[in-house]
Protein chains: 2
Amino acid sequence: MPPSGKNCLTCIVRGTDCFCSLPLNALHDLQVIGSHKRFNAGEHLLYEGFNADRVYIVCQGCIKLTASSSEGKVFIIRIAGPGDVIGLASAMQGTTYKIAAEAMEPCEVKVISRSEFLDFMDRFREVNRNAVVSISLDCEAATLSARRLALSSSAAGKLASVLIDWGRMGQTNGILSKELHFRMPLTHEELGSMAGLSRETVTRLLGKFRREGLIKLEGEQMTVREPEKLERLYH
Amino acid sequence: MPPSGKNCLTCIVRGTDCFCSLPLNALHDLQVIGSHKRFNAGEHLLYEGFNADRVYIVCQGCIKLTASSSEGKVFIIRIAGPGDVIGLASAMQGTTYKIAAEAMEPCEVKVISRSEFLDFMDRFREVNRNAVVSISLDCEAATLSARRLALSSSAAGKLASVLIDWGRMGQTNGILSKELHFRMPLTHEELGSMAGLSRETVTRLLGKFRREGLIKLEGEQMTVREPEKLERLYH
DNA sequence: CGGTTACTTGAGTTCCGTCAACCGAAGTGG
DNA sequence: CCACTTCGGTTGACGGAACTCAAGTAACCG
């Protein structure tokens, strides 16, 4: 059975920063409100500028949150996964979405209208609390992106920062290990979109990092051998 | 009498996105919790990395929210003013502050401990709602900064975007006017810190904008004559 | 008047984006 | 089965934009 199985009560997607970590009575409510929906890879859940009249809770799959310029340049702010809520900040303000959301693989989500979600928040203080934490996480992710782009003056620093942040999230070996070992399914193009760099520059830098022994690549597996050294490229 | 006069009930700082726009009973509570404090220009309210155990409500004055690199480079994420809450996102997550806050002029703030604030949120659903909106605004500001830095490839585009965003906030003529007229009290250094540019580049670009008739400068008064044209520099 | 802060301008240099060509793998369709 | 396309990655050459360094001006203030 997939993580969700369309049932919020038996769903195994939980965790400290997971929106769905709620007491049973709230989960009962969550189960019956909104609707379940699937998206294929490449499909958009929502677009920038649209009226923020609903929120999405990710049940399964990865979703790119992006901002685009009129010339077609794309910036990836964050990649949302199971347990994340999408569109919450804009919906809470009752304005328009400030970013777009695009499925990176086949995804399952729960769609809840703004008004329904507001009611849901009013009924349970835990929902309120989790919503606040969800938006806070969004806020931190955006802050981190901005800081990266503004403070690391070199392309190497920006890319290093993206790799390390990504690695710290998806680390597959123990936290205690000095090395970071993780899956890196993103294309150079996507890494570039996160770091504000061109695809070619990403290729060149990853090659350089590899040659210098800072990272190791084996297919989708990436190992950052010396996180501190990589981090110091920030300069 | 200054805007606040240390009394939340008679304070005139209100507005749609103001945290203190609350019903009377909540204001009564707000009046008695926390403590009132003053900061001189240049003093720090909080530093990056510190335990997020309190939040600040700005009563009066402007406060820079900044991120700094180890080399001393500074990035200004946002400038908070009366009615804004500082440190909320980090406090809600119970982690550390991700940014620093520095008074730009003599300021008055209300300091509330994290636990006291959480209680306050639990007592009034309106406080909850306003806290959510406050964090959402933070989130949007950070997103805007990130988008600016990532998507505008030229320095001119970044600076233009900072000027226009600043202008739209502090506009002193009617909203209907095509031109943006506003106070620009920031130094070139500060503008650079917001746009991710060096001080010299800001000087050169402002000169260029002025020579091209895109903006007009009279002391602290700035007029953006052709916002659309300036905005198109985004390229 | 000296000291500080902000702004201005010039010269030199480097970094990275762009353009272009090319490779290998995977998928598609007749 | 093979020609064709697409996608992701790689590498080289080039040029321009912006950073840095440096020197100098202007305004303000005790």
Side-chain angles (χ1 to χ4, degrees), chain A residues 40-42 64 69 71-76 102 104-105 148-163 183-212 215-222 233-235, chain B residues 41-42 64 69 71-76 104-105 148-163 183-212 215-222 233-235:
Chain A
N40 292 322
K64 269 193 244 190
S69 73
E71 283 84 19
K73 199 169 174 182
V74 175
F75 164 55
I76 301 178
E102 179 191 337
M104 299 181 74
E105 52 188 0
R148 176 159 47 226
L149 292 164
L151 293 181
S152 43
S153 45
S154 70
K158 285 175 196 161
L159 183 59
S161 149
V162 168
L163 292 182
R183 247 187 91 231
M184 172 45 71
L186 303 178
T187 65
H188 291 186
E189 175 100 47
E190 286 166 331
L191 280 172
S193 291
M194 294 183 78
L197 303 173
S198 72
R199 183 176 45 90
E200 295 95 324
T201 299
V202 172
T203 300
R204 278 186 255 267
L205 285 173
L206 284 182
K208 185 163 159 278
F209 291 168
R210 193 168 32 71
R211 265 174 273 127
E212 290 172 354
I215 62 172
K216 203 169 72 180
L217 281 163
E218 286 157 333
E220 286 206 335
Q221 290 301 316
M222 179 179 281
L233 290 177
Y234 229 64
H235 155 102
Chain B
K64 269 194 246 191
S69 74
E71 282 84 19
K73 197 169 175 182
V74 176
F75 164 54
I76 301 178
M104 299 181 74
E105 52 188 0
R148 176 162 44 229
L149 292 164
L151 293 180
S152 44
S153 45
S154 69
K158 285 175 196 159
L159 183 59
S161 150
V162 168
L163 292 182
R183 246 187 91 231
M184 172 46 70
L186 303 178
T187 65
H188 292 186
E189 176 100 47
E190 286 166 330
L191 280 172
S193 291
M194 293 184 78
L197 302 173
S198 72
R199 183 176 45 87
E200 296 94 323
T201 299
V202 172
T203 300
R204 277 186 256 266
L205 285 174
L206 284 182
K208 185 162 159 279
F209 291 168
R210 194 168 31 72
R211 265 174 272 129
E212 290 173 354
I215 61 171
K216 203 168 72 180
L217 280 162
E218 285 157 335
E220 287 206 336
Q221 290 301 316
M222 179 180 283
L233 290 178
Y234 230 64
H235 154 109

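All values reported here derive from a predicted model rather than from experimental measurement. Naming convention: chains lettered A, B, ... in sequence-line order (proteins, then strands); numbering from 1 in each chain.
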* Has the side chain of B:Glu200 got a donor or acceptor that lies under 3.5 Å from a partner of the other kind on the base of D:dC19? -> no
* To do: Whole angstrom is fine here: how far is it from CG in A:Leu206 over to P in C:dC16?
  => 14 Å
* Side-chain donor or acceptor of B:Ser161 paired with backbone N/O of B:Gly157 under 3.5 Å -> no
* In whole angstrom, what separates A:Leu149's CG from C:dC16's C1'? -> 15 Å
* **Nearest-Å distance for atom pair CG/P, residues A:Leu197 and C:dG17** => 5 Å
* **Sugar-phosphate only, base, or nothing, as touched by B:Thr187 at under 4.0 Å among non-hydrogen atoms** => sugar-phosphate
* To do: Nearest 0.5 Å please: distance from the OG atom of A:Ser152 over to the CD atom of B:Glu71.
  => 10.0 Å
* Does A:Thr201 have a side-chain nitrogen or oxygen under 4.0 Å from the phosphate oxygens OP1 or OP2 of C:dG17? -> yes
* **Exercise: identify the closest heavy-atom pair between A:Arg204 and A:Arg211** => O-NH2, 4.2 Å
* Pick base, sugar-phosphate or nothing for B:Thr203, based on heavy-atom distances below 4.0 Å to the nucleic acid. => base
* D:dT20 base / B:Arg204 side chain donor-acceptor hit below 3.5 Å -> yes
* To do: Kindly say whether, by distance alone, the side chain of B:Glu189 makes a donor-acceptor pair under 3.5 Å with the base of C:dC7?
  => no
